[in-house]
There are 2 protein chains.
Amino acid sequence: MAQLPEQRLPVELFLDLDRSGPVPLYYQVAQRLEQAIRDETLPAGARLENEVALASRLGLSRPTIRRAIQDLVDQGLLVRRRGIGTQVVHGRVTRNVELTSLYEDLERAGQEPTTTVLDVASATADERVAEALGVPVGSPTLHIRRLRFADGVPLAILDNVLPAAYADLERDDLERHGLYQLLRARGVTMRVAKQRIGARAATAQEADLLDLRRGAAILTMSRTAFDNAGVAVEYGQHCYRPDRYAFEVTLVER
Amino acid sequence: MAQLPEQRLPVELFLDLDRSGPVPLYYQVAQRLEQAIRDETLPAGARLENEVALASRLGLSRPTIRRAIQDLVDQGLLVRRRGIGTQVVHGRVTRNVELTSLYEDLERAGQEPTTTVLDVASATADERVAEALGVPVGSPTLHIRRLRFADGVPLAILDNVLPAAYADLERDDLERHGLYQLLRARGVTMRVAKQRIGARAATAQEADLLDLRRGAAILTMSRTAFDNAGVAVEYGQHCYRPDRYAFEVTLVER
DNA sequence: AAGTGGTCTAGACCACTCA
DNA sequence: GAGTGGTCTAGACCACTTG
């Protein structure tokens, strides 16, 4: 595969770094590099200037530059080889799957998300829920069952269980906003999510809700999300219409 | 949620750090911390000793300790909060989904993977393949179609396309080893993979091969993998029996 | 031999949280 | 105010790749 020559990015790209604001320097650098990759100022295969030179040219220390580059490596945009250099990965640039909710994914994709709340009820944790949330069996919880539409077409059935601390979530709020939005508005920060993605045949009820034939294939995802204290915030079991939704994942070897 | 007291890990855990060998110090530290979490020496919710104290106690610099901790944060095992400290995440500890192949996943799970090669043939890249591999339309490629069994039960149909550089892959090798094993044996290092996971109904042929009813739900995954030069090595389209396979993914907010 | 990224050090100052 | 993680610096030495 053709090895493109080293690319010296114009310093101008980095002239507006803000050293006094709250945004870290490595983040500002990473943003500008990412932009250069996305608009193909740095095309696939291009070799980056070496770290030491780049650092000195931008007036930053090498660790700061390294941190910026590492972030892009972790996103699958760059590849580093010792003794060789840093290059832009070939292949289409995909958005990173961050810890977002379906609602936000749809908004970003320009599809209009709407929600019908099928059920909101207090309940106690059975064994499965207790295991997932890390609470004792029988603990009070809130069960939510929603139907999510994209541009008016039914897309997913969302079953969620939350610890009782969030029992004051209102039906109205859930119709108008995504669950993660509502949680964030109460100061909860989701930090880690463990997901399991599978498939199965739709039940009669699911097929009915999603406007599918009974027994049609559906995509399933179960997830437990944890906040920045490491405590489970939410356990969800979702199923999606596979003709309208898929998961994108980028894996990077560290 | 209960906040467990600070946990001072015994220095003994870290006494056998090897400063002369090729294994980085941060990696050795991360391994020992991970082990302590997995065997619940550090139980869920436990607070770690602060970075500065830990560094001085182990005779390492703070950046080295930070790097070790960061690795575990990226794996979803630890959570950090400024002004508060570092804690072990609640919830079951899951193995990290690394950039592995199905063959290796099965081996690690103790299921015996076997493979039937359905077809191996040279071909030229159509538009879809060209796009995925980043090669011109019409480029020579190698198509491979395999049926993968776990403990003798059909599990997945694996369709793969590779650049012509790997056209010498033998049917025999493919029956006996995983594709990624064979690639690694030729010095290829996979670094980045972009996957798309979905579902659909099985075709008659797929149902036949996987021992399912026609129209049964199957789990699908398409993937492009890139080597450490950022060049596409493999494009795969796989489908799985959903009653015997699912994808596990851990997401971490950076 | 020259050039690259990988690791490690020893500090410094800051922002945030809690009592 | 004391303690925590977050950022940043300016070096150093090493391992690896290429010519």
Side-chain angles (χ1 to χ4, degrees), chain A residues 3 5-8 14 17-31 46-74 78-88 187 189 191 227-230 253-254, chain B residues 3 5-8 14 17-31 46-74 78-88 187 189 191 227-230 253-254:
Chain A
Q3 167 133 333
E6 175 181 316
Q7 197 95 359
R8 280 189 49 144
F14 301 92
L17 296 180
D18 174 12
R19 301 188 80 99
S20 60
V23 182
L25 286 171
Y26 71 82
Y27 188 80
Q28 298 181 49
V29 173
Q31 273 187 320
R47 221 164 61 99
L48 226 64
E49 200 176 345
N50 80 66
E51 297 178 349
V52 185
L54 197 52
S56 106
R57 215 153 61 82
L58 302 187
L60 298 172
S61 70
R62 188 179 163 207
T64 302
I65 293 292
R66 269 186 72 78
R67 170 73 196 265
I69 293 177
Q70 186 60 49
D71 280 5
L72 300 188
V73 170
D74 290 342
L78 291 177
V79 174
R80 288 206 271 213
R81 281 182 294 171
R82 187 194 313 218
I84 311 249
T86 305
Q87 286 178 275
V88 179
T189 344
R191 276 307 240 301
D227 65 11
N228 58 9
E253 191 83 3
R254 292 273 289 179
Chain B
Q3 167 133 336
E6 176 182 315
Q7 198 94 358
R8 280 189 47 143
F14 301 93
L17 296 180
D18 174 12
R19 300 188 81 100
S20 60
V23 183
L25 286 172
Y26 72 82
Y27 188 80
Q28 298 180 49
V29 173
Q31 274 187 320
R47 218 163 64 90
L48 226 64
E49 197 176 348
N50 80 67
E51 296 178 350
V52 185
L54 197 52
S56 104
R57 213 153 62 83
L58 301 188
L60 298 172
S61 71
R62 190 180 162 206
T64 301
I65 292 293
R66 269 187 70 79
R67 170 73 196 265
I69 293 177
Q70 186 60 50
D71 280 4
L72 300 187
V73 170
D74 290 341
L78 291 176
V79 174
R80 289 205 270 213
R81 281 181 293 171
R82 185 192 313 217
I84 310 252
T86 304
Q87 286 177 275
V88 179
T189 346
R191 276 308 241 297
D227 65 10
N228 58 10
E253 189 84 3
R254 291 273 287 181

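Protein chains get the first letters and strands the later ones, always in sequence-line order, with residue 1 at the start of each. Quick caveat, the model's predicted, so the values are computed rather than measured.
Residues Tyr26(B) and Thr64(B) come closest through the heavy atom pair CB-O, 3.6 Å. Minimum interatomic distance between Gln28(B) and Leu17(B) (heavy atoms only, all atoms of both residues): OE1-CA, 3.3 Å. Shortest non-hydrogen contact noted between Leu60(B) and Arg19(B) is CD2-NH1, 3.5 Å. The two residues Val29(A) and Ala68(A) have their closest heavy-atom pair at CG1-CB, 3.7 Å.
With contacts defined as side-chain heavy-atom distances shorter than 4.5 Å, the pair Thr86(A)/Ile69(A) qualifies.
Interatomic distance, Arg80(B) CZ to Leu72(B) CG, rounded to the nearest 0.5 Å: 9.5 Å. Here the straight-line distance linking atom CZ of Arg254(A) with atom CG of Asp74(B) works out to 5.0 Å at 0.5 Å rounding. Rounding to the nearest 0.5 Å places CZ of Arg81(A) at 9.5 Å from CZ of Arg47(A).
Counting atom types as modelled, Arg67(B) pairs no side-chain N or O with a base atom of dG6(C) as donor and acceptor under 3.5 Å.
Mapped onto DNA chain D by nearest heavy atom, Leu60(A) and Ser20(B) fall at different nucleotides, with Leu60(A) at the one closer to the 5' end.
Atom CZ in Arg80(A) sits about 16 Å away from atom C1' in dG3(C), given to the nearest Å. In this structure, the CZ atom of Arg81(A) is 7 Å from the P atom of dT18(D), given to the nearest Å. Summarising the geometry, the separation between CZ on Arg191(A) and P on dG5(D) is reported as 13 Å, rounded to the nearest angstrom. Between Gln28(B) atom CD and dC8(C) atom C1' there is a gap of 13 Å when expressed in whole angstrom units. Taking atom CZ of residue Arg254(A) and atom P of nucleotide dG5(C), one finds them 17 Å apart after rounding to whole Å. Going from atom CZ of Arg19(B) over to atom P of dG6(C) covers 20 Å, rounded to whole Å. As rounded to whole Å, 17 Å separates atom P of dG11(C) from atom CD of Glu51(B). The distance between atom CG of Leu48(B) and atom C1' of dT4(D), rounded to the nearest whole Å, is 12 Å.
Listed pair Tyr26(A) / dT7(D) meets the phosphate criterion, a side-chain N or O lying under 4.0 Å from OP1 or OP2. Residue Thr64(A) places at least one side-chain N or O under 4.0 Å from the OP1 or OP2 atom of dT9(D). Put simply, Arg62(A) has no side-chain N or O that comes within less than 4.0 Å of OP1 or OP2 on dT4(C). Using a 4.0 Å cut-off, some side-chain N or O of Thr86(B) falls inside it from OP1 or OP2 of dG5(D). Distances shown here put a side-chain N or O of Arg66(A) below 4.0 Å from the OP1 or OP2 atom of dG6(C).
Five base pairs at each end of the helix from dA1(C)-dT18(D) to dC18(C)-dG1(D) define two local axes, and these are offset by 10° (rounded to 10°).
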Give each protein N/O atom lying under 3.5 Å from an N/O atom of nucleotides 1-3 of chain D, with the pair distance.
| from | atom 1 | to | atom 2 | distance (Å) |
| --- | --- | --- | --- | --- |
| dG3(D) | N2 | Gly83(B) | O | 3.4 |

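In this structure, Arg67(B) contributes its side chain and Ala30(B) its backbone to no donor-acceptor pair below 3.5 Å. Side chain of Arg191(A) to main chain of Leu78(B): no donor-acceptor pair is present (N/O by atom type, distance under 3.5 Å, no hydrogens or angles).
Among the protein residues, Pro24(A) comes within range of the sugar-phosphate backbone only, with heavy atoms under 4.0 Å from sugar or phosphate atoms but none that close to a base.
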